[in-house]
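First comes the structure, then the notes that go with it.
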Amino acid sequence: MNSQKLLLKNGLVYQGGQLQRLDLLLADGLIAAMGSDLTALLPSDCQTYDLQGKLVSPGLVDVHVHYREPGFTYKETIKTGTQAAAHGGFTTVCAMPNVSPVPDTPELLNALQKRNRTDGCVHVKQYAAITQKRAGKQLNDFKALKAAGAFAFSDDGSGIQTAGTMYAAMKAAAAENMPLVEHIEDDSLLQNKGVMNAGARATALGLPGMLGLSESSQLARDLVLAQQTGVHYHACHLSTRQSVELVRLAKAHHINVTCEVAPHHLLLADEDIPADDGFYKMNPPLRSVQDREALLAGLLDGTIDMIATDHAPHAAAEKEGGMCHAAFGITGSETAFALLYTQLVRKHKARLEQLLDWMSIAPAKCFGMSKAGALFVGKPADLAVFDLEHEFELQKDSYFSKGKNTPFTGEKVYGATYMTFVSGKLVYKKED
């Protein structure tokens, strides 16, 4: 049990959908008290931080990260990935299973979960694979993996290509009352080794394109199957306006679907891609301006439930060679909140309360994480403190992640993470 006692004074606290000036007392890993004056409750050994009006939020929750360990630790480790998460204000992250070996048995899952607990400085929930070795063919033992502590099931990085396999997976997941989380991509519609969205910008750059139809057609298939099976189906990183419309229609028909959008798809479009810069290569790719606008509209009207980073670190050499040769992927843990606060909230495209909901409360609620996404007395003291007043520059040298592969480096933003607490322990503090 964490016996440290901390008082956070004069914070602008987001609680119960409202922002209000409050003090918080943290003790034994929990929020012990909240109020306008906690002086009478303070123990003698309490350390005090005066936040001077900084934002205090429930710790951010990211349901989609890649930590590359085991198997690819030159890209990222659990230690560096969770340090990056804490630097970004995240206190709970959900790690995808595209590592080596794939966590597709209880033994492999247990070993990875032990490593997550030992090396992680934030809470790490671990996905198990849907199919053996993520090959999209033979289903894993969902019952045994659930018993071993799997957070959910996903083959992320690969779409399930056959309807029969997906149908069987959905039935198995529904039987265990577990979410099935899908990377939506029909490989048969991606036959030209595309590297960016198929459209006018790809033509202008002379680069092979990736059809948005690959996403939306497979999503349509999955939503019909989800309706038949009743599974909690979660669609990863939506990127097209057709996908938004499909989810909107599915929710109107009471299909049990949730979905996410990544920060880069909200903030960039294919027309922003300069010639031959591999930092703009990601999967799904940056789509059109119309797609980007539809994604934001989907967030605002509740069609899209949450924001997830799809933090995908790579070694520097893997992002060289331009769009045709660079690896797919962009980092996001350390840049997401500041970029979205700056580009959405400060530009009056969304309210701060909405952004905090999308990045903390909604993911916790959708995935039944009862200990995350809330600041209430008796809850775990998982929280983040943000400085909304001072501009700063996103700098490569400040990243904790091994991966520096983001085109946002150099951007001037607001919303720096000032402190991050996990179970009442200070795991990140900005240098004054």
Aromatic plane relationship, Tyr428 with His87 - under 30° parallel, 30 to 60° tilted, over 60° perpendicular: tilted

Set of residues satisfying salt bridge (Lys or Arg N to Asp or Glu O under 4.0 Å) with respect to Lys429, sequence neighbours excluded: Asp432

For Glu176, all residues meeting salt bridge (Lys or Arg N to Asp or Glu O under 4.0 Å), sequence neighbours excluded: none

Results of side-chain contact (heavy atoms from CB on, under 4.5 Å) for Thr77 - residues two or more places apart only: Glu69, Thr73, Lys79, Thr80, Lys402

Qualifying residues under ring pair (Phe, Tyr, Trp, His ring centres under 6.0 Å), relative to His232, sequence neighbours excluded: Phe367

Ion pair Asp387/Lys54, N-O distance below 4.0 Å: no

Which residues share a side-chain contact (heavy atoms from CB on, under 4.5 Å) with Leu211, sequence neighbours left out: Ala198, Leu213

Tyr399 six-ring face occupied by Lys404 cation (under 6.0 Å, within 45°): no

Pairs meeting criterion side-chain hydrogen bond (donor to acceptor under 3.5 Å, both in side chains) with involvement of residues 350-372, two or more places apart: Tyr14-Asp357

Residue pairs passing the side-chain hydrogen bond (donor to acceptor under 3.5 Å, both in side chains) test where at least one lies in residues 208-217, sequence neighbours excluded: Glu215-Ser239, Glu215-Ser243

Phe90: ring pair (Phe, Tyr, Trp, His ring centres under 6.0 Å) partners, not counting sequence neighbours: none

Residue pairs fulfilling side-chain hydrogen bond (donor to acceptor under 3.5 Å, both in side chains) with at least one residue in residues 296-310, sequence neighbours excluded: Asp62-Thr309, His64-Asp310, His66-Asp310, Arg248-Asp301, Arg248-Thr303, Lys251-Asp305, Asp301-Thr303

For His183, ring pair (Phe, Tyr, Trp, His ring centres under 6.0 Å) partners two or more places apart: His237

From Asp382 atom CG to Thr91 atom OG1, the distance as rounded to the nearest 0.5 Å: 4.5 Å

Set of residues satisfying ring pair (Phe, Tyr, Trp, His ring centres under 6.0 Å) with respect to Phe142, sequence neighbours excluded: Phe153

Heavy-atom side-chain proximity of Val247 to Ile304 below 4.5 angstrom: no

Steps toward side chain to side chain contact (heavy atoms under 4.5 Å, CB included) verdict (Ile78, Thr82): CA-CA 6 Å; Ile78 294 162; Thr82 57; 4.3 Å; yes

Passing option when Phe337 is tested against Thr342, Leu356, Thr417, Ile307 for side chain to side chain contact (heavy atoms under 4.5 Å, CB included): Leu356

Asn177 atom CG, over 12 foreign heavy atoms within 6.0 Å: no

Show which side-chain atoms of residues 314-324 pair as donor or acceptor with protein atoms under 3.5 Å away, not counting sequence neighbours.
| unit_1 | atom_1 | unit_2 | atom_2 | d |
| --- | --- | --- | --- | --- |
| His314 | ND1 | Lys75 | NZ | 2.9 |
| His314 | ND1 | Glu318 | OE1 | 3.4 |
| His314 | NE2 | Phe328 | O | 2.6 |
| Glu318 | OE1 | Lys75 | NZ | 2.8 |
| Glu318 | OE1 | Ala315 | N | 3.0 |
| Glu318 | OE2 | Tyr74 | OH | 2.6 |
| Glu318 | OE2 | Lys75 | NZ | 3.0 |
| Lys319 | NZ | Gly278 | O | 2.8 |
| Lys319 | NZ | Lys281 | O | 3.0 |
| Lys319 | NZ | Ala327 | O | 2.7 |
| Lys319 | NZ | Gly329 | O | 2.9 |

Within 45° cone of Tyr414 ring axis and under 6.0 Å: Arg346 NZ or CZ: yes

